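For reference, the structure discussed in these notes is given below.
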Number of protein chains: 2
Amino acid sequence: MTELTPTPTIEDYLGIIFTLERDGEEVIGARLSELLEVSAPTVTVTLRRMVRDGWINITPARKIELTPKGVDAAKAVIRRHMLTEWMLAKILNLPWSKVHEEAHRIEHSISSEVELSLIDKLDDPALCPHGNPMPGQESISSKWKPLSECITGDKIIIERIHEFLEEDPVLMDYLESNQIVPGKQAVINEILPFNKTITLKNESGIVTLGLDIAKSIYIEKQH
Amino acid sequence: MTELTPTPTIEDYLGIIFTLERDGEEVIGARLSELLEVSAPTVTVTLRRMVRDGWINITPARKIELTPKGVDAAKAVIRRHMLTEWMLAKILNLPWSKVHEEAHRIEHSISSEVELSLIDKLDDPALCPHGNPMPGQESISSKWKPLSECITGDKIIIERIHEFLEEDPVLMDYLESNQIVPGKQAVINEILPFNKTITLKNESGIVTLGLDIAKSIYIEKQH
DNA sequence: CATTCCCTTTAGTATGTACTAATACCATAC
DNA sequence: GTATGGTATTAGTACATACTAAAGGGAATG
Ligand SMILES: [Fe+2]
Ligand SMILES: [Fe+2]
Ligand SMILES: [Fe+2]
Ligand SMILES: [Fe+2]
């Protein structure tokens, strides 16, 4: 319980652990290694520090669990990340596809005073600009279905691009320039399971997406 | 010349070196040690890395000089610091006395895209909220005189609180709550050289300041 | 000339964060 | 049962950033 405030590195770990827990995914070191793009030994020693400092516990089965203190810190950094995304998007007019990576750096320097002010100026949003729920608002997104589960002819509204897709700037740019962003309508054109692709039609024309990507894009069906 | 982008620590060093150079002060390790509040050996090794990476040169007489690359990096971080101060003050309505320390953390995570957007939203300010000049705008502040050089009865306008005073949050809070902020009027009430104090009268009443502090507060005399 | 003051450096250490190479562990598949 | 694949750990290293203790240098002062 040494540390009062997590370092940026620890905040990154906390955020990913929280998100995996939220999604019901198995929270193990190998997942963190992949998502954080660091080597497995780095994860091992970092997790040891996190246990030492009271952010997480590790079960005998090597599962990672946030402590109450860890949950609080994780929620705080995710809130600040999402508020920063909105600030960059709405106040500074940065492109939707770029705000995640900018916010990912800035989130670690935001004080609670700034956070409160952002909540005020941005009208306490329940979702980030990509449709992911603020901590405590998970119920909003729980009614949306993965795009991968649609069938040909479905009329849909794009609602959410999962956090882990936000990490890929090339993908995000592709999604933005093809209008695959929250609030936009589309119709499912064609699904090719053997090809692992799904094709939709929207304002900007015909867009093809890999089915793996489509699993992490959530939609609402129209009437 | 290894590093392309300075670390936050190096950016802090660069900013202070730039400001000392600008003010015509002697730029030596001991000054950095004081202003950065780190030990002398820490400064020695950090400066060695800065020479190695091409940010500074150190003369045989132990004077520190920014290289052209160092000047560019220093100007960038100072610009971002000041723009962030304005963003916090004008857009997020944080108190004037608090924006420096918040901006000092955030400045290291601002990209040039965000910087350009801030310049646009904030109408390309020439001064920070404390009246210090943006890099390249030094001429604006050069006509102001130190408050310490006033005489009893002078009618003045506060114009500038020097960067190095911004570092002291207790002082900044004192100044703000006593209306010693850029744009405010005051009259010199009493100067006590033996006591090293200067007393002024303004909207908020009578305020006493130490003469050392008054040396770093710049004013304009009224007709 | 010796003392003092200011400044810098050396030496030794610590901590967080990263890496590679090699090893170990475990469950499942063949 | 042994091979495989996924996972985790140990061992060894590197680097940026910090510290204290101690030593060294130079200028000014007495
Ligand atoms: Fe994000
Ligand atoms: Fe987001
Ligand atoms: Fe400042
Ligand atoms: Fe300022």
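Remember, predicted model here, so these are calculated numbers, not experimental data. In what follows, chains carry the letters A, B, and so on, assigned in the order in which the sequence lines appear, proteins first and then strands, with residues in each chain numbered from 1. No hydrogens, no waters, no symmetry mates; every other heavy atom, side chains included, goes into these values.
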Subject >> Under 4.0 angstrom between Arg52(A) side-chain N/O and dG16(C) OP1 or OP2 >> reply: yes

Original post:
Are the side chain of Asn132(A) and the backbone of Cys128(A) linked by a donor-acceptor contact shorter than 3.5 Å?
Top reply: no

Subject >> Whole-Å distance separating the CG atom of Leu47(B) from the P atom of dA18(D) >> reply: 12 Å

**OP:** Check ring pair (Phe, Tyr, Trp, His ring centres under 6.0 Å) between Phe164(B) and all other residues, then give those that pass, not counting sequence neighbours.
**Re:** His162(B)

Original post:
Within this structure, what is the CE-to-C1' distance between Met50(A) and dA18(C), rounded to whole angstrom?
Top reply: 16 Å

Original post:
Looking only at heavy atoms, what is the nearest atom pair of Gly29(B) and Leu47(B), with distance?
Top reply: CA-CD1, 4.4 Å

**OP:** Can you sort out the partners of His104(B) under ring pair (Phe, Tyr, Trp, His ring centres under 6.0 Å), two or more places apart, ordered by chain and number?
**Re:** His100(B), His108(B)

Might you list the N or O atoms of the protein lying below 3.5 Å from N or O atoms in nucleotides 23-25 of chain C, with each pair's distance?
none

Scan nucleotides 19-26 of chain D against the protein and return all N/O pairs shorter than 3.5 Å with their distances rounded to 0.1 Å.
unit_1	atom_1	unit_2	atom_2	d
dC19(D)	OP2	Ser39(B)	N	2.8
dC19(D)	OP2	Ser39(B)	OG	2.9
dC19(D)	OP2	Thr42(B)	OG1	2.7

Enumerate, atom names and distances included, each donor-acceptor pair closer than 3.5 Å involving a side-chain atom of residues 133-147 of chain A, sequence neighbours excluded.
unit_1	atom_1	unit_2	atom_2	d
Glu138(A)	OE1	Gly136(A)	N	3.0
Glu138(A)	OE2	Gly136(A)	N	3.1
Ser141(A)	OG	Glu138(A)	O	3.1
Ser142(A)	OG	Ser139(A)	O	2.7
Lys143(A)	NZ	Ile140(A)	O	3.1

Result block: side-chain N/O donor-acceptor pairs under 3.5 angstrom for residues 89-98 of chain A, not counting sequence neighbours:
unit_1	atom_1	unit_2	atom_2	d
Asn93(A)	OD1	Lys121(B)	NZ	2.6
Trp96(A)	NE1	Pro129(A)	O	2.9
Ser97(A)	OG	Glu176(A)	OE1	2.6

Original post:
Distance-only, no hydrogens or angles: does the Ser112(A) side chain make a donor-acceptor pair with backbone N or O of Glu115(A) under 3.5 Å?
Top reply: no

Subject >> With sequence neighbours excluded, residues passing side chain to side chain donor-acceptor pair (under 3.5 Å) with Thr208(B) >> reply: Thr199(B)

Original post:
ring pair (Phe, Tyr, Trp, His ring centres under 6.0 Å): which pairs involve residues 13-45 of chain A, sequence neighbours left out?
Top reply: none

Original post:
Does Arg80(B) offer a backbone N or O that forms a donor-acceptor pair with the side chain of Thr84(B) under 3.5 Å?
Top reply: yes

Subject >> Partner set under side-chain contact (heavy atoms from CB on, under 4.5 Å) for Asn195(B), not counting sequence neighbours >> reply: Leu192(B), Thr197(B)

**OP:** Sequence neighbours left out, what passes side chain to side chain donor-acceptor pair (under 3.5 Å) with Ser39(B)? Give chain and number order.
**Re:** Thr42(B)

Original post:
Donor-acceptor pair, Glu21(A) side chain versus Leu66(A) backbone, under 3.5 Å?
Top reply: yes

Subject >> Stretch residues 13-22 of chain B: residues that reach within less than 4.0 Å of DNA chain D through a heavy atom >> reply: none

**OP:** Look at all strands and tell whether Thr44(A) reaches a base, only sugar-phosphate, or nothing, counting heavy atoms closer than 4.0 Å.
**Re:** base

Nucleotides 3-7 of chain D: which of its N/O atoms have a protein N/O under 3.5 Å away?
unit_1	atom_1	unit_2	atom_2	d
dT7(D)	OP1	Arg31(A)	NH1	3.4

Original post:
For the pair made of CD in Glu11(B) and C1' in dA16(D), what is the distance, rounded to whole Å?
Top reply: 15 Å

**OP:** Whole angstrom is fine here: how far is it from NZ in Lys63(A) over to C1' in dC26(C)?
**Re:** 12 Å

**OP:** Please determine if a side-chain N or O atom of Arg48(B) lies less than 4.0 Å away from the OP1 or OP2 oxygen of dT10(C).
**Re:** yes

Original post:
Expressed in angstrom and rounded to an integer, what is the separation of Asp12(A) atom CG from dG16(C) atom C1'?
Top reply: 14 Å

